[in-house]
Protein chains: 2
Amino acid sequence: MGGRESCDMRGMLSFQILWLLSKGKMHGEMIAEEIEKRRGEKPKPGTLYPALKELSNKGLINGSRRGKIIVYSITSDGRAAVKVATNYFCRSFGDIFEENERK
Amino acid sequence: MGGRESCDMRGMLSFQILWLLSKGKMHGEMIAEEIEKRRGEKPKPGTLYPALKELSNKGLINGSRRGKIIVYSITSDGRAAVKVATNYFCRSFGDIFEENERK
DNA sequence: TTAAATGTATAGGTTATCCTATATATTCAG
DNA sequence: CTGAATATATAGGATAACCTATACATTTAA
């Protein structure tokens with residue numbers, strides 16, 4: 001099911017979170033669900049929230065509590081970072097996708 | 001230059017090696033150069049060779065020495081693995097590329 | 001034959017990404 | 001007000017992915 005049995009392929013979590021937040025504000029649970037749509041599995045709370053905290057500590061996102069939930073938005077530093085990171089990502093792995101597109 | 005100052009984005013090394021080897025046989029240095037073309041930096045020997053060893057231990061690749069160099073090829077298990085992993089990868093991160101393509 | 005260059009390997013260490021398990025905070029139904 | 005549900009947080013631990021530095025093996029040039 002996953003795709004990581006043979007090849008661990010860990011990583012990219014913070015990048016993916018930042019990329020998702022560059023598309024719009026979300027709270028933690030929504031982020032988890034968006035990741036689930038893509039990866040097939042929800043990141044566990046103990047994985048997601050520390051990552052959100054790190055991004056927050058770096059000033060790339062910030063959260064504001066609205067009752068039960070905390071809505072995260074990307075900062076301008078975060079926008080700059082996600083742009084650079086996306087370029088790097090596409091340059092590094094673009095051909096893997098191109099091949100997939102052409103089939 | 002890099003793209004990892006703000007977002008660590010580590011990972012994918014074994015997957016990328018396996019993907020490269022699914023395109024043809026290569027020795028370590030060639031693999032390092034192919035990765036450099038994409039990521040902008042060569043993985044250091046202390047990064048690359050342990051990764052090759054791991055893939056070898058898992059039976060996904062095997063190497064045969066030709067004098068100074070060791071030529072690695074993907075095994076049939078490796079082909080199966082890279083197929084599954086590529087699907088996972090594209091499903092997980094495809095939209096990041098699509099956006100980049102459309103600009 | 002020796003020195004330099006090239007390719008591979010290993011020892012030892014750091015960190016992000018993942019986990020499980022538990023705890024806290026807020027809302028909402030009864 | 002209480003209990004259940006939802007959302008967030010934290011403690012503690014595992015491992016892949018990276019590093020630097022060093023060593024070894026093979027070829028090639030002098």
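Since the structure is predicted, the reported quantities are computational estimates derived from the model, not experimental observations. Below, chain A is the first sequence line, B the second, and so on; all start at residue 1.
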Inset, instruction - Kindly determine whether A:Met30 and A:Ile69 satisfy side-chain contact (heavy atoms from CB on, under 4.5 Å), including the steps that lead there. - result: CA-CA 10 Å; A:Met30 284 176 64; A:Ile69 71 177; over 6 Å; no
Inset, instruction - For the pair A:Arg39 and A:Met12, evaluate side-chain contact (heavy atoms from CB on, under 4.5 Å) and give the outcome as yes or no after the intermediate values. - result: CA-CA 11 Å; A:Arg39 302 196 183 192; A:Met12 307 292 171; 4.1 Å; yes
Out of [options], which has the shortest distance to the side chain of [X]?
X	options	result
A:Glu29	D:dT26, C:dT10, D:dT8	D:dT8
A:Leu13	C:dC18, C:dG7, D:dT8	C:dC18
A:Lys44	C:dC19, C:dG7, C:dT10	C:dC19
B:Arg39	C:dA9, D:dC18, D:dA7	D:dC18

Inset, instruction - Could you pick out which residue, A:Pro43 or A:Glu54, lies toward the 5' side of DNA chain C when each is mapped onto its nearest nucleotide? - result: A:Glu54
Legend entry - Residue mapping more 5' on DNA chain C - nearest nucleotide basis, B:Leu52 or A:Pro50: B:Leu52
Length of the line joining [X]:[atom1] and [N]:[atom2], which is rounded to integer Å:
X	N	atom1	atom2	value
A:Tyr49	C:dC19	OH	P	14 Å
A:Lys42	C:dC18	NZ	P	16 Å
B:Leu55	D:dA17	CG	P	8 Å
A:Ile35	C:dC19	CD1	P	11 Å
A:Arg65	D:dT6	CZ	P	17 Å
A:Asn57	D:dT10	CG	P	10 Å
B:Ile17	D:dA16	CD1	C1'	12 Å
B:Leu48	C:dT10	CG	C1'	14 Å

Inset, instruction - Establish, yes or no, whether a centroid distance under 6.0 Å links the rings of B:Phe93 and A:Phe93. - result: no
Inset, instruction - Taking the side chain as every heavy atom from C-beta outward, state whether A:Leu21 and A:Met26 have any atom pair closer than 4.5 Å. - result: yes
Inset, instruction - Under 4.0 Å from any atom of DNA chain C, heavy atoms only: list the residues of residues 66-77 of chain B that qualify, in numerical order. - result: B:Lys68, B:Ile69, B:Ile70, B:Tyr72
Inset, instruction - Specify the closest pair of heavy atoms between A:Gly59 and A:Asp77, including all atoms of both residues, with the distance to one decimal. - result: O-CB, 3.8 Å
Legend entry - Salt bridge flag under 4.0 Å for residues B:Lys37 and B:Glu33: no
Short side-chain N/O contact to [N] OP1/OP2 from [X], under 4.0 Å:
X	N	result
B:Thr47	D:dA17	no
A:Ser14	C:dA16	no
A:Lys53	D:dT10	yes

Inset, instruction - Would you classify A:Gly46 as touching base, sugar-phosphate or nothing, given that sugar-phosphate means primed atoms plus P, OP1 and OP2, and contacts are heavy atoms under 4.0 Å? - result: base
Legend entry - Expected output: side-chain A:Gln16 to main-chain B:Ser92 donor-acceptor under 3.5 Å: yes
Legend entry - Derivation of the side-chain contact (heavy atoms from CB on, under 4.5 Å) call for B:Arg38 and B:Leu20: CA-CA 11 Å; B:Arg38 292 163 172 80; B:Leu20 287 168; 3.7 Å; yes
